Amino acid sequence: MDAGLLLVRLVVGLLIAGHGVQKVSYLLGGEGLAGGTEEFRRDGFRGGRLTAVAAGGSQIGAGLFLSAGLLTPLAAMAAMGVMTVAGTVKRPKGLWVQHDGYEYPLVLVVVSASLALTGPGRWSLDHALGATPWPVWIAVAAIAAGPLSGLLTRVALHRPPTAPEGVRRARTAD
């Protein structure tokens with residue numbers, strides 16, 4: 001069981017961290033901080049550069065902490081939060097990833113929640129530091145707070161769509 005948890009933590013955690021690296025740098029095929037900023041603007045978010053840095057930093061931190069099995073419920077909470085935001089962006093395109101849907105963010109949210117519930121296993125920093133098992137209430141709180149924080153972030157930072165320029169001119173002429 002510990003080998004399975006380690007494998008899941010490493011793959012999922014490093015993928016989440018890599019996704020964050022792409023938001024803020026040219027590494028791993030990223031388009032740099034300017035590209036990450038533009039992506040958030042295209043997706044309708046306020047905050048520009050700060051939003052890209054916060055999202056990228058959250059993904060990097062959550063992913064690395066999940067990989068290491070360090071503060072696992074909190075790392076899972078952060079991962080669920082950023083992946084919930086990603087899911088809200090992709091939701092209008094449907095479930096399946098081949099249509100740029102929210103399938104992949106959903107899988108990452110569910111795996112992160114599962115790691116919060118199961119704990120990181122013996123081959124983790126949490127175990128080495130004597131922090132396991134985490135109380136169930138902490139895992140449940142993290143599972144509730146992660147997606148909720150993502151939804152609140154979406155509400156707080158998402159700007160309403162604007163009408164195309166020609167439509168705005170016609171409306172103001174009335």
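For clarity, every value in this text was computed on a predicted model and none was experimentally measured.
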> Measuring from Leu5:CG to Leu115:CG, what's the distance to the nearest 0.5 Å?
6.5 Å
> Might you point out which heavy atoms bring Ser112 and Ala76 nearest each other, and give the distance in Å?
O-CB, 3.2 Å
> What pairs meet the side-chain hydrogen bond (donor to acceptor under 3.5 Å, both in side chains) rule with one or both residues in residues 141-150, with sequence neighbours excluded?
none
> Would you say Leu6 ends up clustered with Val12 if hydrophobic residues are merged whenever their side chains have heavy atoms under 4.5 Å apart, either directly or through other cluster members?
no
> Linking directly or through intermediates, with side-chain heavy atoms under 4.5 Å: list the remaining ILVMFWY members grouped with Val110, chain and number order.
Leu95, Trp96, Tyr102, Leu106
> Has Glu103 got more than 12 heavy atoms of other residues, nucleotides or ligands less than 6.0 Å from its CD?
yes
> Same cluster or not: Leu152 versus Val85, using hydrophobic residues (I, L, V, M, F, W, Y) connected whenever any side-chain heavy atoms lie under 4.5 Å apart?
no
> Nearest 0.5 angstrom please: Leu14 CG to Ser67 OG, how far?
3.5 Å
> Quick one: do Phe65 and Ile16 satisfy side chain to side chain contact (heavy atoms under 4.5 Å, CB included)? Show the steps, please.
CA-CA 10 Å; Phe65 275 57; Ile16 292 171; over 6 Å; no
> Same cluster or not: Val111 versus Met80, using hydrophobic residues (I, L, V, M, F, W, Y) connected whenever any side-chain heavy atoms lie under 4.5 Å apart?
yes
> What pairs of residues pass the salt bridge (Lys or Arg N to Asp or Glu O under 4.0 Å) test when at least one of them lies in residues 113-125, not counting sequence neighbours?
Asp2-Arg122
> Which atom pair, heavy atoms only, marks the closest approach of Val24 to Ala52?
CG1-O, 3.8 Å
> To the closest 0.5 Å, what do you measure between OG1 (Thr153) and CG (Leu148)?
9.0 Å
> Give the cluster check for Tyr26 versus Val21: same hydrophobic cluster or not, with ILVMFWY residues linked at side-chain heavy-atom distances below 4.5 Å.
no
> Which distance, rounded to the nearest 0.5 Å, do you find between the CG of Leu117 and the CD1 of Ile143?
3.5 Å
> What distance do Leu64 atom CG and Leu70 atom CG have between them, rounded to the nearest 0.5 Å?
10.5 Å
> Under 3.5 Å, is there a donor-acceptor pair between the side chain of Ser25 and the main chain of Leu27?
yes
> Identify the two heavy atoms, one from Ile138 and one from Pro73, that lie closest to each other, and give their separation to 0.1 Å.
CG2-CB, 3.7 Å
> Does some side-chain heavy atom of Leu7 sit less than 4.5 Å from a side-chain heavy atom of Trp123?
no
> Where the side chain of Ser124 meets the backbone of Pro120, is there a donor-acceptor pair that is under 3.5 Å apart?
no
> Would you please name every residue forming a side chain to side chain donor-acceptor pair (under 3.5 Å) with Thr72, sequence neighbours left out?
Asp126
> Can a donor-acceptor pair be found, under 3.5 Å and without considering hydrogens, that links the side chain of Arg159 to the backbone of Phe45?
yes
> With the side chain counted from C-beta on, respond yes when Leu71 and Trp134 share a heavy-atom pair under 4.5 Å apart, and no when they do not.
yes
> Any link between Val8 and Leu66 through a network of hydrophobic side chains (Ile, Leu, Val, Met, Phe, Trp, Tyr) touching at under 4.5 Å?
yes
> Check Met83 against Pro105 and note the closest heavy-atom contact, atom names and distance.
O-CB, 3.4 Å
> Which pairs with one or both residues in residues 37-65 pass side-chain hydrogen bond (donor to acceptor under 3.5 Å, both in side chains), sequence neighbours excluded?
Lys23-Glu39
> Applying salt bridge (Lys or Arg N to Asp or Glu O under 4.0 Å) as the test, list every pair that has at least one member in residues 66-92; sequence neighbours left out.
Lys90-Asp100
> Would you give the length of the straight line joining atom CG of Leu28 to atom NE2 of His19, rounded to the nearest 0.5 angstrom?
11.5 Å
> Please report the shortest heavy-atom distance between Ala55 and Phe40, naming the atom on each side.
CB-CZ, 3.4 Å
